[in-house]
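Reviewing the structure listed below.
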Amino acid sequence: MAEIQLKNLRHSYYPNPKTDADYALKEVDLVWEEGLAYALLGPSGSGKTTMLNILSGLLSASEGQVLFDGRDVTTLEARDRNIAQVFQFPVIYETMTVEENLAFPLKTRKIPTAQIKERVHFIAAELGLTSLLKRKARGLSAEQKQRISLGRGLVREDVAAILLDEPLTVIDPAEKMALRRTLKAVQLHLGVKLIYVTHDQHEAMTLADRVVVMDDGEVVQVGSPEELFANPAHKFVGYFIGTPGMNFIDCQLAEDMLIVGQTRYKLDAVTAKKLAMQSGGLSFGIRPDFLTLGAEQPGFSIPGTVVRMENHGDEHIIAVDIGGSQMLARVEDSVCADVGDAVHLIPSGEAIRIFAGQHVVPLPQTTFGGSS
Amino acid sequence: MTEFNNRAWLFVLPVLVIVAFNAIIPMMTMVNYSVQDIFGPGNRYFVGREWFQELLGDNELRNALRRQITFSTLVLLIEVPLGIMIALTLPKTGRWVPFCLIILGLPLLMPWNVVGVMWQIFARADIGLGGAAITALGFDFNYSRDVLDAWFTIVTMDVWHWTSLIVLLSYSGLRAIDPAYYRAAQIDGASRLQVFRYVELPKLTGVLTIGIMLRLMDSLMIYSELFVITGGGPGSSTSFLSQTLVKKAIGQFDLGPAASFSIIYFMIIVTLSFVFYRSITRVQEGE
């Protein structure tokens, strides 16, 4: 296992990139710590796969360095790096048996037969493949084949990280859970670093210790799943994570008042000054989970009209028109409201975040009465 | 009560008529001839299995079959590996791709006897470019006199004519392999040979089965080129099944023996192709 460091990494698929738009990957500085499971989360085209291919050595970055435990591997080819990769659809050697498949990466590295056998059996047991060892790999299910691809990475004892490129895409929903559990178990048991690419936030949140959120070729935030949920540093993280995503309401600063819809929040002098200095439009962000309906609280609750209700079983998602824009609130089933009702949305003070442009403005938790 | 609708016959009937005219009736005529001794119109005698018995003990048929199998084996052994090798070296993208494919496709477009005439001239030691070149290198090359030279000429010609088929089939098969397979092999540390053996070859088995079957059947039926180049000679050293048959049917006008020969010839091709096909598919299933 090793620590992987990316230094000033940039990549473009064009030979002579000029503007920032020519880069598929813009200026990445990142350290992947030892023994942790990482998820690389982002929409299609955000540069996840580019990043993965640069890590595995299938692509050579146009600028910057890739360091494994301090060793510069930027120019090394995939075969010479201690990296394994599992692809979107199962890649196996069809004419080989499961055992031969698992042994192949060791065989090409000229490891003694007895040692190969021992290692293959150990890994097969970890992955629940022992009973299939003598079977031809060709006839197996997609889920079993994907276990084999994973196994081909795990058999190599020197492997620094296993990269998984949306490995659950072609797996039946029923088998997804089992494979996900295996991944988690293997990661905990063998202490392998997994780097897991996905555009599914639930997969990322359940599998990873750290989530790296990417958008448009940039790493917008790195953090634990809880951190990303509670403290999005970037608007994109706010609406990409959480279902539904964070509410963002454009707001204006009028001296020491912050105007959100029809509500005016009184700010202390320091905060007002700080916000006044920000460039880029201000917006008021709050997750639907931290909004409730209740009695009017002047200067704090946000009045509006219910325009839509979605029943999600034990809870409702309520869309409220607050004059010009809409806010979503996730409320319990017991809360009664109908479309057309005039209501007051009560935010939890400590969950309110103010963004300037795309980025969060760091403010003390108590700014909006968070202590109460 | 089930109601019967006999309209389906209307759709089946044309097919039956066509198949009858293009396969069953000619075939049955041949079966009919094969059991008769025919001297002329109205002058024929039923001889039963006589022709078959005679042919099966006949050295001419046996030798022709032996030469035929040697020829087919040789061209398959050369064309398949050569075709795969060329397909592997072809560029995968770029503006040279259409150029290469057209050049490779050209021999496939030429009619058999045109190929025969081309090579008949090309391999001549006096006026042919190929033959003259070999002679200039100091070899005494004459395909109409020397058995080895004749074989060399016809095998080279067949390789020239048909390797492209294997190339094009393999090329399409190679192009269909997802890049992820190559990446996985690279990460696993596979050598170029291992990539070919474990990634490319398994993915090519489908198209190669078709290619090999086509080449096997075609090579068993080869006639026109040989007729033009060697005419089965020198002696009968390049006289394969079809040459021997034509000699019987048209040269000597032995309709009875020729018909029974045709039936045996047909059965040989069907049997060989079937056995071959079964063995390839058996290997693919990994038995």
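Below, read A as the first sequence line, B as the second, and so on, with proteins coming before strands; counting in each chain starts at 1.
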For residues 91-104 of chain B, run the donor-acceptor check on the side chains, cut-off 3.5 Å, and write out each pair with its distance to 0.1 Å, sequence neighbours left out.
none

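More than 12 heavy atoms of other shown residues, nucleotides or ligands fall within 6.0 angstrom of atom NZ in A/Lys184. Within a 6.0 Å radius of NZ in A/Lys7, no more than 12 heavy atoms belonging to other residues, nucleotides or ligands are found. Atom CH2 of B/Trp112 has 12 or fewer heavy atoms from other residues, nucleotides or ligands within 6.0 Å. Counting heavy atoms of neighbouring residues, nucleotides and ligands inside a 6.0 Å radius, atom OH of B/Tyr182 exceeds 12 of them. Heavy-atom contacts from other residues, nucleotides or ligands closer than 6.0 Å to CZ of B/Phe227 number 12 or fewer. In A/Glu118, the CD atom is not crowded: 12 or fewer heavy atoms of neighbouring residues, nucleotides or ligands sit closer than 6.0 Å.
Within the model, atoms OG1 of A/Thr95 and CZ of B/Arg197 stand 5.0 Å from one another, a figure rounded to the nearest 0.5 Å.
Between A/Phe89 and B/Tyr181, the angle of the ring planes lies from 30° to 60°, which puts this pair in the tilted group.
Closest approach of B/Asp188 and A/Arg109 over heavy atoms only: O-NH1, 2.9 Å. The shortest heavy-atom contact between B/Ala184 and A/Val91 is CB-CG1, 3.5 Å.
Formation of a donor-acceptor pair under 3.5 Å by the A/Arg81 side chain with backbone atoms of B/Ile187 is not found in this model.
With chain A as the partner, the residue from B/Ala190, B/Ala185, B/Ser191, B/Pro202 showing the most heavy-atom pairs under 4.5 Å is B/Ala190.
Only the side chain of A/Leu58 comes within less than 4.5 Å of a heavy atom in chain B; its backbone stays farther off. Of the two parts of A/Asp165, neither the backbone nor the side chain holds a non-hydrogen atom closer than 4.5 Å to a non-hydrogen atom of chain B. Contacts of B/Gln186 with chain A are made by both backbone and side-chain atoms, with heavy-atom separations under 4.5 Å. Contacts of A/Leu106 with chain B are absent, with no heavy-atom separation under 4.5 Å from either backbone or side chain.
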